[in-house]
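Chain identifiers are assigned alphabetically (A, B, ...) following the order of the sequence lines, protein sequences preceding nucleic acid strands; residue numbering begins at 1 within each chain.
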Amino acid sequence: MENILSSLNAPQIEAVEHTDGPLLVLAGAGTGKTKVLTTRIAHILYQGLAQPNQVMAVTFTNKAAREMVERIQALMGRPMPGMWLGTFHSLCVRILRKHPEFAGLNRDFSIIDGDDQNRLCKQILTEKGLDIKKWPARQMVNTISRFKDNAWYPSDVPETEGRNFDGKIIYLYEEYQKRLGINNACDFGDLLLKVVKLFKENAELLGKYQNWFKYVLVDEYQDTNAVQYMLIRLLTMAHKNICVVGDDDQSIYAWRGAQVGNILRFERDFPGCKVVKLEQNYRSTSNILKAASSLIANNKERHSKTLWSEQGEGAKIEVHPLWDGKEEARMVADRIEREVGEGKTYHDMAVLLRTAAQTRSLEEMFVKMHIPYTIVGGLKFYDRKEIKDAIAYLRLVNSEKDGLAFERIVNVPKRGIGESALDNIRTAAGTIGGSLMEGSREAVRVGAAGRAAGKLKDFHQLIDYLRSKKDETTPDRLMELILDQSGYHDMLRGDKNKEEAQGRLENLKELIRAMQEYEDVEAFLEHVSLVMDNEDLETDMIRMTTVHAAKGLEFNMVFLPGFEEGLFPHQRSLNEEGEKGLEEERRLAYVAITRAKKELVISYASSRFMYGHFEPATASRFLEEIPASCTKQVGGGGRQNTWRAGSGSRYDQGDKYGTPLFGREKDYVPNAKPMDKAGASFALGERVFHQKFGYGRVKRQEGSGATEKLTIAFEKAGEKKLLTALAKLTKA
DNA sequence: TAAGCCCATGTTTTT
DNA sequence: CATGGGCTTA
């Protein structure tokens with residue numbers, strides 16, 4: 001233990017050793033906050049101040065939780081079973097499973113995802129006769145989720161907020177909750193809200209938990225919302241052994257109800273609390289740190305702080321102005337290959353993006369160039385249709401009340417149970433006040449099922465049979481049974497689109513394999529609904545992820561494509577939240593930059609293909625907020641003035657044509673890179689040399705200036721199409 | 001009931 | 001562009 005503490009700096013040790021009473025750790029990016037948290041827990045356990053299961057530590061993602069467990073176990077030198085370490089959601093499920101009856105749930109309640117929420121809201125809206133175009137289901141989901149973030153049940157929603165949806169939102173919300181009840185289901189928000197309610201209404205139970213958890217620690221405290229705050233407050237009211245860690249500059253979840261106020265107010269909430277500031281950054285070079293600090297200094301709503309680093313100045317941040325998204329993708333891909341050629345691993349590098357959709361063009365390029373990549377947090381494995389179907393079967397087998405699961409798979413594969421049959425079932429369910437499955441049985445029983453009666457009977461039998469097997473077989477065997485008996489496997493095997501069906505079958509195999517690790521169906525279902533990241537850490541791949549999902553991670557080299565006005569900062573954020581939105585975008589950019597340890601490559605394009613056509617684009621205003629001394633422009637010739645021109649007012653707001661040079665005229669290339677040295681054109685048939693592909697001959701030439709492309713037949717690497725301006729070609 | 005076709009429409013971030 | 005919804009037809 002001694003030598004564990006010796007690897008910490010003075011403020012870190014202070015934080016670790018302050019075990020009793022409230023503690024606020026203000027930890028800048030890369031200052032070792034995870035280290036402090038894990039060492040602090042290890043210290044508490046080592047001193048015998050609490051048993052492992054008497055410490056509660058809340059993290060923001062499951063990944064962070066896993067990492068913390070590992071680090072604590074490494075510090076202690078043995079496994080630490082039973083620790084309450086996880087996300088707010090997973091910890092709350094754990095509590096709810098212990099006392100479902102208090103929360104008005106059955107033990108086997110389902111947890112529904114955004115997809116189900118959407119479908120449920122759509123149903124309610126249509127049923128209640130609201131115009132779905134004017135009031136989209138998605139918006140209803142969001143509104144309700146925000147209510148829940150604020151710990152508002154329908155009766156708590158303030159007057160001013162209730163005007164939404166033609167003044168019907170509270171009524172819709174009530175309806176929504178009613179349906180969740182009938183389905184024996186919770187959405188994400190419910191998981192926390194129900195626990196808070198449980199504690200508020202049940203002082204005795206709360207007392208037990210207060211005594212049980214001797215220490216409570218919260219990571220990323222700046223991103224907690226009102227329910228989360230209440231939960232923490234309730235649990236720690238008695239002993240006040242609470243430690244929160246956070247950085248107001250990294251608050252990026254306001255749109256999800258996060259209240260930076262929670263961290264700014266902590267000292268008032270817990271009078272006499274100790275405050276420790278961590279300001280030595282161990283992650284990044286001083287160039288990167290300086291860029292990030294200068295950027296974030298433009299925010300008004302913040303605590304000022306001084307981060308410093310002993311890592312040396314390091315490489316300058318590269319800024320690449322490029323022609324369009326494709327050229328940008330090529331630059332990133334080429335660069336990655338070059339770095340790998342020079343000894344980096346793919347694992348060392350990451351591409352961080354403002355929006356998930358930006359992965360597309362990069363993906364194409366990576367595939368083309370055979371660069372192994374993985375998209376973290378994009379389309380998740382568990383979001384695939386076949387996986388969701390399979391899980392819906394499992395949910396229905398596990399909990400017959402789960403009507404959302406019922407609807408999803410009652411006619412998958414097609415069994416001739418269509419919309420009209422479903423209508424009958426819904427009516428029957430409504431009449432007896434039961435679930436869809438009950439309604440379905442009822443409809444068949446009283447002869448209200450019409451033509452589909454026989455098919456429904458078969459379906460009931462199928463589910464009954466599967467349920468009878470549930471407890472006598474393992475989850476993976478049960479899933480195989482489901483897929484075989486339901487005809488899902490056969491459906492895919494008979495699919496016309498062989499290739500796609502094959503892929504789906506393989507995904508299902510993968511699912512079954514994953515299920516082998518679980519003791520029972522409940523444990524597996526919980527994992528599915530709450531664990532977002534199924535990252536493949538084994539293989540050496542490029543990580544592509546949104547900035548949001550990159551929180552807490554670090555990489556030697558980071559690429560930040562798409563640094564453009566409207567994209568980063570995102571237009572929508574500016575439109576909807578104005579100055580506040582801009583500040584959150586800036587914090588997001590701050591998070592993005594501070595992920596990099598040694599090298600940072602920022603790029604933007606003049607023309608971006610989106611919504612079906614090319615949009616002119618200009619460099620992000622954030623680039624102007626980074627000191628010139630930290631950056632160097634790469635390529636782009638005369639275009640550097642697009643982002644650094646002193647006063648920064650070249651592009652008046654509202655002047656959509658501020659950049660005529662980036663118009664849609666294909667051949668209008670006023671600021672193209674001048675033909676110089678390496679960029680000079682090559683003659684057809686000329687022999688050239690490329691850093692990566694080696695020797696080759698020019699086969700074809702098209703375009704001119706920045707868009708000039710050469711097709712070159714390389715002797716070893718085959719035929720490649722390259723942009724003259726980018727490819728480092730020399731005459732050979 | 002199901003499949004196929006056309007049109008409109010909307011485009012952030014996630015436990 | 002790419003997805004979803006509404007409509008028509010077999």
Side-chain angles (χ1 to χ4, degrees), chain A residues 58-65 86-93 111-115 117-119 122 126 132-134 136-139 141-142 145-146 148-149 186-193 220 223-225 227-228 251-258 325 352-361 376-380 382-383 411-423 450-452 455 496 526 528-533 545-551 562 566-577 581 584-585 587-589 591-592 608-615:
Chain A
V58 194
T59 60
F60 210 69
T61 62
N62 293 292
K63 197 190 297 161
T87 61
F88 274 105
H89 294 87
S90 65
L91 295 175
C92 283
V93 172
I111 300 164
I112 66 166
D113 62 4
D115 225 47
Q117 282 182 292
N118 241 333
R119 286 191 295 142
K122 193 184 259 169
T126 334
I132 222 147
K133 297 227 162 105
K134 198 168 163 201
R138 185 75 247 160
Q139 199 184 326
V141 172
N142 283 336
S145 299
R146 287 308 73 75
K148 290 187 177 178
D149 288 338
C186 282
D187 62 16
F188 287 126
D190 271 343
L191 297 176
L192 313 207
L193 195 40
E220 309 277 11
D223 277 322
T224 51
N225 59 32
V227 212
Q228 294 167 339
S251 166
I252 54 176
Y253 281 96
W255 52 275
R256 212 170 75 185
L352 307 188
L353 304 157
R354 175 62 185 84
T355 69
Q358 286 169 264
T359 49
R360 278 242 173 86
S361 54
V376 185
L379 264 185
K380 284 164 263 166
Y382 292 112
D383 282 344
N411 202 28
V412 182
K414 302 253 182 287
R415 317 187 156 86
I417 302 169
E419 208 40 50
S420 63
L422 255 178
D423 262 351
R451 259 193 297 172
K455 313 276 185 190
K496 280 176 287 182
E526 195 169 308
V528 167
S529 27
L530 295 177
V531 178
M532 60 163 256
D533 40 66
T545 160
T546 61
V547 181
H548 281 92
K551 191 161 134 168
L567 190 54
F568 206 169
H570 200 280
Q571 196 57 46
R572 191 143 171 180
S573 198
L574 302 178
N575 292 347
E576 286 169 14
E577 303 289 335
E584 176 136 324
E585 293 287 313
R587 287 193 293 271
L588 201 51
V591 169
R608 195 160 288 277
F609 191 73
M610 58 200 325
Y611 325 139
H613 54 106
F614 280 99
E615 288 276 326

Indicate whether OP1 or OP2 belonging to B:dT14 is found under 4.0 Å from a side-chain N or O atom of A:T546.
yes
Atom-pair distance (CZ on A:R146; P on B:dT13), nearest Å:
14 Å
Which value, in whole Å, describes the distance between the P atoms of nucleotides C:dG4 and B:dT13?
15 Å
From CG of A:D115 across to P of C:dG4 the rounded distance in Å is 9 Å
Selection from C:dT3, B:dT12, B:dT14 that lies nearest to any side-chain heavy atom of A:H570:
B:dT12
Contact class for A:N575 (heavy atom, under 4.0 Å): base, sugar-phosphate, or nothing?
nothing
Looking for any heavy atom pair under 4.0 Å, which part of the strands does A:Y253 touch: base, sugar-phosphate only, or nothing?
sugar-phosphate
Any A:R354 side-chain nitrogen or oxygen under 4.0 Å from OP1 or OP2 of B:dT12
no
Just compare B:dT11, B:dA2, B:dT14 and give me whichever is closest to any side-chain atom of A:R572.
B:dT11
Are OP1 or OP2 of B:dT14 and a side-chain N or O of A:N142 less than 4.0 angstrom apart?
no
Nucleotide of B:dT13, B:dA2, C:dC1 approaching A:A356 most closely (side-chain heavy atoms)
B:dT13
A:I132 CD1 - B:dG10 C1' separation (whole Å):
15 Å
Please state how far atom CG in A:L352 lies from atom P in B:dT12, giving the value in whole angstrom units.
20 Å
Give a yes/no verdict on base stacking between B:dT13 and A:W255: centres under 5.5 Å, planes within less than 30° of parallel.
yes
Tell me whether the centres of the aromatic rings in A:F60 and A:F88 are closer together than 6.0 Å.
no
Could you check whether A:E576 gets within reach of a base, just the sugar-phosphate, or nothing at all, counting any heavy atom under 4.0 Å?
base
Distance-only polar pair, side chains of A:N575 and A:Q571, donor-acceptor under 3.5 Å:
yes
In whole angstrom, give the distance that lies between atom NE2 of A:H613 and atom C1' of C:dA2.
14 Å
Distance in angstrom units between A:R119 CZ and C:dG4 C1', rounded:
15 Å
Closest to the A:A421 side chain, choosing from B:dT12, B:dT14, B:dT1:
B:dT1
Describe the nucleic acid contact of A:S420 in one word from base, sugar-phosphate, nothing, applying a heavy-atom distance below 4.0 Å.
sugar-phosphate
By nearest atom, which of the nucleotides B:dT14, B:dT12, B:dA3 is closest to the A:T355 side chain?
B:dT12
Measure CD/A:E584 against P/B:dT14 and give the value in whole Å, please.
13 Å
Between atom CE in A:M610 and atom C1' in B:dT9, what is the gap in whole Å?
16 Å
A:R256 side-chain proximity, nearest of B:dT14, B:dT1, B:dT12:
B:dT14
